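Just below is one structure, and these are the notes that go with it.
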Amino acid sequence: MIEEKTAKNQFIYKGSIIKWKVANELNLIFTVVYKEVLHLSYVDDLLDLIKSEFSKKIYPTLDLDSGIFQMLPSHFDKNFKQIQAKWEAKTQDKKGPKKMKTFNESKKKKKATQLLDDDIEEDEKEEDNETKDESQMTKAELARKKLEERFSKKKPKKGPKTPKSSDTKPKGKEGRSWGYKDSITQDDLAAIDRSKTFNDDDEEEKIPHGASKYLDEDDGDMDDYWSSDEEDKEVENKGGLFSRFTNTLKTFTGNKELTEEDLDPIMEEFSNGLMEKNVAQDIAVSLCESIKKSLMKTKTESFTTVKTTVKNALIESLKKILTPKRKIDVLKDALAAKKRGEPYKIVFIGVNGVGKSTTLSKVGYFLQKKGGLNLLLAACDNFRAGAVEQLKVHARNLQVPIHDKGYKGDPAFIAQEAITKAKKAGHDVVLIDTAGRMQDNEPLMRALAKLVHVNKPDLVLFVGEALVGNDATDQLTKFNQALIDYSYQGSDPRTIDGIILSKCDTVDDKIGASISMVYSTGKPIVFMGIGEKYKNLKKMNINTVINALLS
């Protein structure tokens, strides 16, 4: 401390603070001790004052012997009191609260008085013809008068508003007539009737109120709509992806043996093109490797170019992938179940937001129009808020009954009750809606496996989006595996039977999700959604998909 090797100059001990100031030239330490609760400011200034006063007045009078003080000063108390008074005055100037000035002492008063004096002087110069009484007023009276005149000035009045013509007045909503009538006519009743769904004159079915979003007035004859378009159309042989990687080939004709050097650049280009069309990367690479192996060391046929040979191999490979091992005909199977006197049960599953409820309604509309089948909807999505109400809207549009328990109960038993109800009421088809869930959500996947096991549906359809690309494969494979993993012991696991690819109208020719899903699981694509309306459902045509991939 004496050598000032530390930056500290205070120490706190048991609620007291000691501060010090070192005077090495005097071999002295000046200290101040005070209670911590006092929060004294400017103590360092006090120490400086004491040090200065002691050095000048007391230290020279002391006797030193070998650097040791022989006698302590006894007359410093008087000096200390003077120093203390001086320090307190200095401290009060620095931190003491300032006395609030009155308005008369403030600058505002001075400024206002100056402004008034200036105004008075100007008025005195300009108003020479004032009356004798006004000239004899004191300055205070003149100031008061000036203020009264200033605040008594009124804003100029606006001119009278021009009346608006009746022609420019906006026309409001025409009100309902509540006039008294002696008798009510049929026209009056028809004008306020909101319950009719049939025309009394021709008995032709009308669109239910609010259903125009999903139905068209010309949906009566839809026999040919759901058939796969262009079923006999061949794969096109011009432009697009195929020409991109075959234009560089040499146009050898006949007996040309294909080598790895010939095929590598073609397969790489083809793989990149498939990925651009939303085919999963590993599936695109695997597909190209398979085609490459099948073409290695093969010779082109007579009068056949390399371009034609490679193209035919690609088309055949894609056809093999897209051709289902098990063909699913929903209408045929539903009509067969009706003959047996049993309701045909379809469960729709998938992740959140892919359009399961709308897709379910499209399939129901298809079965109504094509087969004249009697439907029952089962609202087993009691997890998402608004799901039951959404399905009720579809049921009203299709004019079919719906079985629901609100947002309570086990979905597996709600579906079971709907199937029992269908048997008693004679419904031909039960369409079971389920909650959307992510493929990694184990509790919800277990609940789905339970619903499938308990109700043993005739068809389990996975609804996937065409625009998600690689994610569609992951969703489908994990859903399928979950139905196996969480199935009941001792029973044969029930897996996904087919796929409905929704929102195909949003991806143009990037339809590669269909290749990914079918290649990875072997499950067929039953329908493709191509719009929002109920009629926008198509059976998949293989040649159409291949043309889109190679375009």
Side-chain angles (χ1 to χ4, degrees), residues 230 232-325 466-474 476-477 499 501 504 507-525 540-551:
E230 308 169 351
D232 300 325
K233 184 178 179 180
E234 295 296 330
V235 178
E236 295 179 359
N237 187 20
K238 55 184 178 180
L241 173 63
F242 186 77
S243 63
R244 250 167 59 188
F245 61 79
T246 53
N247 285 337
T248 58
L249 292 177
K250 298 177 181 178
T251 56
F252 294 103
T253 303
N255 297 324
K256 160 63 179 171
E257 184 176 292
L258 298 176
T259 63
E260 189 171 357
E261 289 76 14
D262 294 329
L263 296 174
D264 278 344
I266 306 172
M267 293 299 105
E268 182 180 359
E269 188 71 25
F270 182 53
S271 175
N272 293 335
L274 288 177
M275 285 187 282
E276 290 176 4
K277 298 297 178 72
N278 277 345
V279 178
Q281 181 180 6
D282 55 340
I283 293 174
V285 173
S286 177
L287 175 61
C288 291
E289 287 296 324
S290 175
I291 296 171
K292 178 182 171 182
K293 287 180 181 179
S294 66
L295 290 176
M296 285 287 291
K297 296 183 179 180
T298 59
K299 290 185 177 181
T300 60
E301 297 179 1
S302 300
F303 304 104
T304 304
T305 63
V306 176
K307 177 177 178 179
T308 304
T309 304
V310 174
K311 175 194 171 184
N312 292 337
L314 294 174
I315 293 173
E316 287 303 316
S317 296
L318 293 174
K319 280 185 177 180
K320 287 180 182 178
I321 293 172
L322 293 173
T323 300
K325 298 175 183 178
L467 50 82
V468 296
N470 297 347
D471 286 342
T473 306
D474 182 63
L476 177 60
T477 53
I499 304 164
L501 204 58
C504 293
V507 294
D508 294 330
D509 57 354
K510 293 181 174 61
I511 201 67
S514 58
I515 294 289
S516 300
M517 298 172 90
V518 176
Y519 186 89
S520 60
T521 62
K523 306 297 181 182
I525 295 177
M540 190 187 73
N541 176 260
I542 295 176
N543 289 342
T544 301
V545 174
I546 294 175
N547 277 329
L549 289 171
L550 299 180
S551 63

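All values derive from a computational prediction rather than experimental measurement.
- Side-chain contact between Met517 and Lys523 is absent, with no heavy-atom pair separated by less than 4.5 Å.
- One N or O on the side chain of Ser317 and one on the backbone of Ala313 form a donor-acceptor pair closer than 3.5 Å.
- Rounded to the nearest 0.5 Å, atoms CG (Asp471) and CG (Leu476) are 12.5 Å apart.
- Formation of a donor-acceptor pair under 3.5 Å by the Ser516 side chain with backbone atoms of Thr473 is not found in this model.
- The distance from atom NZ of Lys292 to atom CG of Asp264, rounded to the nearest 0.5 Å, is 3.5 Å.
- Across all their heavy atoms, Asn541 and Thr544 have their closest contact at OD1-OG1, 2.7 Å.
- Here the closest non-hydrogen pair linking Val518 and Leu322 is CG1-CA, 4.3 Å.
- Here CD1 of Ile546 is found 9.5 Å from OG of Ser514. Values are rounded to the nearest 0.5 Å.
- A donor-acceptor pair under 3.5 Å links the side-chain atoms of Thr323 to the main chain of Lys319, judged by distance alone.
- The line from NZ of Lys320 to OG of Ser290 is 8.0 Å long, rounded to the nearest 0.5 Å.
- Put simply, the side chain of Ile499 does not reach to within 4.5 Å of the side chain of Pro524, judged on heavy atoms.
- Ile283 CD1 to Ser520 OG: the interatomic distance, rounded to the nearest 0.5 Å, is 5.0 Å.
- Partner of Leu287 under the side chain to side chain contact (heavy atoms under 4.5 Å, CB included) criterion, chosen from Ile321, Val279, Asp282: Ile321.
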Test Met267 against Ile291 for side chain to side chain contact (heavy atoms under 4.5 Å, CB included), laying out the working first.
-> CA-CA 8 Å; Met267 293 299 105; Ile291 296 171; 4.2 Å; yes
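- Distance check: Gln281 CD to Asn272 CG gives 9.0 Å after rounding to the nearest 0.5 Å.
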